[in-house]
Amino acid sequence: MRLDPIGQAGTAALEYALVLPALLMIILGTMDAGRVMWLQVTLDRAVEAAARCAAINAATCGSAANIQAYAVTQMFGTTVPTSAFASATAPCGIRITGSLPFRFFMPWITSRTITLTAAACYPTA
């Protein structure tokens, strides 16, 4: 006894072939969006912590190299070069900036690398 009517044996495979690319784009796009948000929040937190350290803790963050090294330690879960961070004295206090390149999983949507940036300023006492 045949369960499928004649001519409908391959419809499941055809539906799967049509839906799979869209499903993969949704899944990978969601992963990329999550990675971008997580890295931006981590970068924001690192520059804020480094600016605060530079303003109130001269023993740990007394020089530009120490500030950069401290900012790198605040980037939890990722490896970042110290050159990603810069420090300067500004009217608002100690200003720390950070920038990181980000490449998407799905290069066919955007083949270029975007740059995530963050800046924080902490007043000196």
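Side-chain atoms are counted along with the backbone in the values below, which use heavy atoms only and exclude waters and symmetry mates. Bear in mind the structure is a predicted one, so any value in this text is a computation, not a measurement.
- Within the 4.5 Å cutoff, the side chain of T97 has heavy atoms near those of the R95 side chain.
- Both M75 and W38 belong to a single network of hydrophobic side chains, linked directly or stepwise wherever heavy atoms of I, L, V, M, F, W or Y lie under 4.5 Å apart.
- Of all non-hydrogen atoms in G98 and F85, the two that sit nearest each other are CA-CD2, 3.9 Å.
- Remark: the backbone N or O of Y70 is paired with a side-chain donor or acceptor of T73 at under 3.5 angstrom.
- Taking every heavy atom of both residues into account, P123 and A55 meet most closely at O-CB, 3.6 Å.
- Shown here for A51 and I94, the closest heavy-atom pair between the two residues is CB-O, 4.0 Å.
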*Would you please test L100 and L43 for side chain to side chain contact (heavy atoms under 4.5 Å, CB included) and show each step?*
CA-CA 8 Å; L100 293 173; L43 182 62; 4.0 Å; yes
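- Checked by atom type and distance alone, the side chain of Q40 pairs as donor or acceptor with a backbone atom of T117 at under 3.5 Å.
- At least one side-chain heavy atom of V36 sits under 4.5 Å from a side-chain heavy atom of L116.
- Looking at heavy atoms from C-beta onward, L28 lies out of side-chain contact with F104 at the 4.5 angstrom threshold.
- Within a 6.0 Å sphere centred on CZ of R52, heavy atoms belonging to other residues, nucleotides or ligands number 12 at most.
- Between L39 and T78, the closest side-chain pair of non-hydrogen atoms falls below 4.5 Å.
- Between C121 and G93 the shortest heavy-atom distance is SG-N, 3.6 Å.
- Considering CD of Q68 and SG of C61, their distance stands at 11.0 Å, rounded to 0.5 Å.
- Remark: side-chain polar atoms of Q74 are not paired, donor with acceptor, to backbone N or O of A49 under 3.5 angstrom.
- Atom CZ of residue R35 and atom OG1 of residue T30 lie 13.0 Å apart, to the nearest 0.5 angstrom.
- Both V47 and I114 are members of a single hydrophobic cluster when ILVMFWY side chains are connected at heavy-atom separations under 4.5 Å.
- Between I67 and I96 there is a side-chain heavy-atom pair separated by less than 4.5 Å.
- Looking only at side-chain heavy atoms (C-beta outward), L23 and Y16 stay at 4.5 Å or farther from each other.
- The environment of CZ in F76 is crowded: more than 12 heavy-atom neighbours from other residues, nucleotides or ligands sit within 6.0 Å.
- The two atoms that bring P21 and L18 nearest to each other are CD-O, 3.8 Å, heavy atoms only.
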